[in-house]
Amino acid sequence: MARFRLFDLNDEQRRAVTSTEGPLLILAGAGTGKTRVITARAAYLISQGVKPDQILAVTFTNKAANEMRERLAKMIEPAEAKLVTMSTFHALCVRILRANIDRLGYKHNFSIYDEGDQLGLIKKIITRTAAKDEKLDPNLAKNLISKAKNNGWSAPEDDQSLLSAVFARYQQELKTLNAVDFDDLLLLTVKLLNEHAEVRAKWQQRFHYLMVDEFQDTNGLQLELITLLAKNPDSENQTCNVCVVGDDDQSIYGWRGAQVSNILEFEHHFPNPTIVKLEQNYRSTNTILGTANNLIKNNPRRRAKNLWSEHDIGEKIRLIQMADDRVEAEFVSDDIQRRNFADGTPWESFAVLYRMNAQSRLLEANLRRLHIPYRLVGGKSFYDRREVKDLLAYASVLINPDDDVSLLRIINTPARGISDLTTERALELSSKTHTSLFKALQSPGFLENVTTRTKEAVRTFSELLDTYETRLLAPLADYAAVITALIEETGYLADLKRTCKTPDEGLSRETNVREMLAAMAQHQQRSNKGLRGFLDEVNLDQEQEEDDDKDDKQGVTLITLHAAKGLEFPHVYLVGLEEGLLPHDRSKVEGSVDEERRLLYVGITRAMKTLTLTHCRDRIKFGSVMPCHPSSFIKEFPEDKIELIDLAKLLSTPVAEETAKNRFAQLKAALNKAG
DNA sequence: GGCGAATCGTCAACC
DNA sequence: ACGATTCGCC
């Protein structure tokens, strides 16, 4: 316990760490040492005699959970640190469900459907359910269903709309397929705990001290889950020790169902809490903090905070207008190279933040042009690649043959003579008889109505799956080897390469398949959770672990504003500060401009030393040039902290400060007149 | 019935 | 500019 020292903390942090009993709300502004406080609090609890396995810390991302785990291991005995449960909401739910989901009529080997799988199922249901003149956008349906689930609703019974029918059908089919989607993980866990007192008691007894990170991002279900777990198993009207940490100003997941009200009305959910405000920022210059403060104070409905720092004023924030996104990306890359060249600032010190993933393309191209190493966070995940999904679908089908969505993906990949028409007929039968596709395919009622050739193809396919399923079920089965053999036997790789346009593409896709298989083998070495465990990890871990020891994690970071929350970088470029992009056009329709402002606030507060903001006059959208206007948020910045830079002059002579000030004032006046 | 090529509509953010 | 969908050919 050598490295855990209370006097390393400031007064407020110490108060947060040592308030152990009853509800505790820690309002932690950006960069105020939130993670440090949570881990120190866990260490403190243990030092006070709390058993480590009675502590639960819930986060939103695996990265956050891992970071806390690592930090805690440095503060206390690593063996004790291991006993503390540090988990994401979803992983915790999977754990609870895998143990007891049978009580809800699902089987323990249920599949987890990601968004793509969900969409596939919804599309299938819409075509089946909709009348000829009805239409429903599958994506819209998916979002509405998700929103409904996150608010704890089930399909409305009285409603006759197509959406309601699709919703009801969707939920029912998931159950037939023995599958759950991301929202179900929460929904079903809450249902399980609500409806089964003994399961509830089991988990309530398990944890006595709860901590929730990023509480401002929790939705209704997550709050309910916490409330359920936080109750004293012996007297349920007594709440035990729940500590939540968050910052309402950084609530940026409203679209995912997050309710800022959870943190704004914490006292209502957990009466008489201790409230601690962390306001000393250890990250940024006062120029950056002042700009962030000035921006965010335009939001109504927030818990007032006053971030301050012992750091210097630092450099002014640069605001630069670009001709178009091409020039913008070029400038950012050149500027990073120049600064690296000037004083050896390492590439890792730079990050480029943007609103949409699509914005990363030009940046990537330009960084590559200059041979600057970079890492792209988020975006099209490794797991979204066609070949990776195919491989996972094969694995998924072997574990849960009732998983129709995965089966559909691979039923004719590579082509094996099972046509769309055949599949369609089997699907019809499966929905008529309420069985899975796999069972329908094998049923005599189906087989007697198809041609001999099709019958043969289906039979061969069924046998293939059966054979490998048996191999997989064998005790101590080497599942990585089993899947590899299956891929071999189907001739998947050869077919994959054949369908690629260029040899390069073929090679890269093959590499992805091999990487996936290698990851599987690696998982087998370190875990005892089996192939199911591997798939769970893959499903719940959207961050692509570009496997460890490779040092290619270094370089300039390209990242969306959402994904950047919780991170910090010495030098930040925030690009595309345009009306329509940030705030995004859709936010105006949805009335969520406040959340866009918080998003920008999150972006600004990532910067430690310098911040560069850019916006374009033109931007290429859908292949053609669209004119752009500066973001309306720009006029909410404090004039004295911003330096307006003329790109043309920057490239030749530096701008005098007075000129810059005047320019900014002019721009502001113009904006005020317009808006 | 199965495959490759034009065409269409689409891009907000993530566990 | 890209991927899914639709069309036309084997």
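The figures here come from the full heavy-atom set of this structure, side chains too, leaving out hydrogens, waters and symmetry mates. Residue numbers begin at 1 in each chain, while the letters A, B, ... track the order of the sequences.
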Inset, instruction - Say whether A:Tyr601 and A:Asn299, considering side chains only, have a donor N or O and an acceptor N or O under 3.5 Å apart. - result: no

Side-chain N,O ([X]) to OP1/OP2 ([N]) below 4.0 Å:
| X | N | answer |
| --- | --- | --- |
| A:Lys621 | B:dT10 | no |
| A:Thr560 | B:dC14 | yes |
| A:Asn139 | B:dC11 | yes |
| A:Arg361 | C:dC2 | yes |

Could you state the [atom1]-[atom2] distance from [X] to [N], rounded to the nearest angstrom?
| X | N | atom1 | atom2 | result |
| --- | --- | --- | --- | --- |
| A:Ile620 | B:dC11 | CD1 | C1' | 15 Å |
| A:Leu582 | B:dC11 | CG | P | 21 Å |
| A:Asp184 | B:dC15 | CG | P | 19 Å |
| A:Lys142 | B:dC15 | NZ | P | 14 Å |

Can you check nucleotides 3-5 of chain B for protein contacts, nitrogen or oxygen pairs under 3.5 Å, and list what you find?
from  : atom 1 : to       : atom 2 : distance (Å)
B:dG4 : OP1    : A:Arg498 : NH1    : 2.8

Is the base of [N] touched by the side chain of [X] through a donor-acceptor pair closer than 3.5 angstrom?
| X | N | answer |
| --- | --- | --- |
| A:Glu115 | B:dC15 | yes |
| A:Glu596 | B:dA13 | no |
| A:Arg355 | B:dA13 | yes |

Name the closest nucleotide to the [X] side chain, picking from [options].
| X | options | value |
| --- | --- | --- |
| A:Ala358 | B:dC14, B:dC11, B:dC15 | B:dC11 |
| A:Asn357 | B:dA12, C:dA4, B:dC14 | B:dC14 |
| A:Met356 | B:dC11, C:dC2, B:dC14 | B:dC11 |

Inset, instruction - Classify the angle between the aromatic ring planes of A:Tyr253 and A:His562 as parallel (below 30°), tilted (30 to 60°) or perpendicular (above 60°). - result: tilted

Legend entry - Position toward the 5' end of DNA chain B (nearest nucleotide), A:Leu599 or A:Arg425: A:Arg425

Any base atoms under 4.0 Å from [X], or only sugar-phosphate, or nothing? Heavy atoms, all strands.
| X | answer |
| --- | --- |
| A:Asn143 | nothing |
| A:Tyr253 | sugar-phosphate |
| A:Leu186 | nothing |
| A:Lys565 | nothing |
| A:Glu590 | base |

Inset, instruction - Using a 4.5 Å cut-off on heavy atoms from C-beta on, say whether the side chain of A:Ile226 contacts that of A:Phe89. - result: yes

Pairs under 3.5 Å (N/O, protein and nucleotides 7-10 of chain C):
none

Legend entry - Aromatic ring of A:His584 stacked on base six-ring of B:dA13, 5.5 Å, 30°: no

